[in-house]
Chemist: 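The structure under discussion is supplied below as structure tokens; questions concerning it will follow.
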Amino acid sequence: MLVKSENIICELINQILVITINRPDKLNALNKQTIEELHETLVGAENQNDVRVVIITGSGQKAFVAGADISELAGLSVEEGKQLSSNGHFKIFNFIENYSKPIIAAINGFSLGAGLELAMACHIRVMSDTAKMGLPEVSLGLIPGYGGTQRLAQLVGKGKAFEMITSGDSINAQDAYKWGLVNHLTLQEELLAKCFEISNKIILKSPHAVKIAIKTINAGYNNKLNGFEVEIEEFGKIFSTHDAKEGVSAFLEKRKPDFKGE
Ligand code: COA
């Protein structure tokens with residue numbers, strides 16, 4: 001199944017939804033329209049049982065996403081700037097982080113500004129070994145507004161986040177990997193295959209357990225929650241599910257589990 005809207009292409013391949021941001025002439029910069037299309041696609045896919053994992057990538061060889069669309073930033077008022085940021089958080093960045101199915105960023109090229117913020121909101125990051133990452137907003141007199149100041153420090157630590165954000169410098173793929181900003185590096189032509197390999201492992205597991213694992217990991221990064229308490233609670237609740245009963249029985253009976261996601 002291949003579905004195209006103005007700025008994104010979606011293809012469902014064996015329970016893996018590949019979303020390609022498709023504005024190669026603008027290096028896949030995230031404009032408002034693309035944010036809306038991404039949001040709508042993700043909302044739809046969340047209720048589709050035949051979507052188990054989502055991969056987000058960029059069109060072409062040059063860019064994953066080269067940032068928010070700078071042409072939409074000119075002349076914003078204080079209120080409009082705040083609105084742009086909070087709308088992005090709500091519709092894409094927090095939405096992806098808290099999505100009930102794993103989302104993998106396949107970083108095929110420049111991942112700058114909102115592009116790095118998008119990659120960091122995803123659960124897993126795989127990067128082409130020629131791609132570059134950075135948060136160059138200070139070069140425009142701005143700061144990251146889609147979670148970059150928070151998620152970068154979570155992933156690479158405060159010191160490196162200060163350096164990257166205040167200098168606006170990009171880092172190469174090797175440093176991104178060394179710093180823990182991405183899980184895997186691949187050759188450009190093997191990028192999607194690596195994402196599929198990871199996805200295919202996830203697909204064999206209980207959809208319900210995967211969903212609750214995402215929720216519980218995220219709880220530890222939410223100041224209002226105690227991650228350990230959430231884990232204890234969720235660990236208890238999971239014993240009422242079909243998948244937990246099935247998974248444990250299947251192991252003891254030396255057979256493959258038949259998970260139903262409930
Ligand atoms: N928003 C809007 N348009 C963008 C864009 C962005 N973030 N990034 C690139 N583009 C557009 C360019 O304006 C250009 O469009 P044009 O051909 O109509 O003039 C096209 O994409 C190609 O980009 P170009 O700058 O010519 O490519 P390059 O190879 O010389 O440089 C980059 C590549 C990524 C280094 C450069 O495009 C860049 O610095 N982009 C902005 C990155 C940024 O600051 N992101 C944070 C935004 S908050």
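When a residue number appears, it is its place in the shown sequence, counting from 1. Just the heavy atoms: all of them, side chains too, but no hydrogens, waters or symmetry mates, feed the values below. First listed ligand is number 1; within each ligand, the first listed atom is number 1.
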Chemist: Going by ring pair (Phe, Tyr, Trp, His ring centres under 6.0 Å), name the residues that satisfy it together with Tyr146, two or more places apart in sequence or in a different chain.
Modeler: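 Listed in chain order: Phe93.
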
Chemist: Give a yes-or-no answer on whether the side chains of Asn22 and Thr20 include a donor-acceptor pair shorter than 3.5 Å.
Modeler: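 No, Thr20 and Asn22 have no side-chain donor paired with an acceptor closer than 3.5 Å.
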
Chemist: One thing to verify: whether Glu253 and Arg255 come together as a salt bridge, which I'm taking to mean a side-chain N less than 4.0 angstrom from a carboxylate O.
Modeler: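 Glu253 and Arg255: salt-bridged.
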
Chemist: Under the 4.5 Å side-chain heavy-atom rule for ILVMFWY, direct or indirect, which residues accompany Leu225?
Modeler: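 Joined to Leu225, directly or through intermediates: Val230.
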
Chemist: Within the 4.5 Å heavy-atom criterion, are Lys32 and Glu36 side-chain neighbours or not?
Modeler: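 Side chain of Lys32 against side chain of Glu36, heavy atoms only: no contact under 4.5 Å found.
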
Chemist: Which residues satisfy the side-chain hydrogen bond (donor to acceptor under 3.5 Å, both in side chains) test with Glu6, sequence neighbours excluded?
Modeler: none

Chemist: Is there any protein N/O under 3.5 Å from an N/O of ligand 1, and what does the full list of such pairs look like?
Modeler:
unit_1: ligand 1; atom_1: 1 (N); unit_2: Ala68; atom_2: O; d: 3.4
unit_1: ligand 1; atom_1: 1 (N); unit_2: Ile70; atom_2: N; d: 2.9
unit_1: ligand 1; atom_1: 7 (N); unit_2: Ala66; atom_2: O; d: 3.0
unit_1: ligand 1; atom_1: 7 (N); unit_2: Ala68; atom_2: O; d: 2.9
unit_1: ligand 1; atom_1: 15 (O); unit_2: Lys26; atom_2: NZ; d: 3.4
unit_1: ligand 1; atom_1: 18 (O); unit_2: Lys26; atom_2: NZ; d: 2.6
unit_1: ligand 1; atom_1: 21 (O); unit_2: Asp25; atom_2: O; d: 3.3
unit_1: ligand 1; atom_1: 29 (O); unit_2: Lys62; atom_2: NZ; d: 2.5
unit_1: ligand 1; atom_1: 45 (N); unit_2: Ala66; atom_2: O; d: 3.0

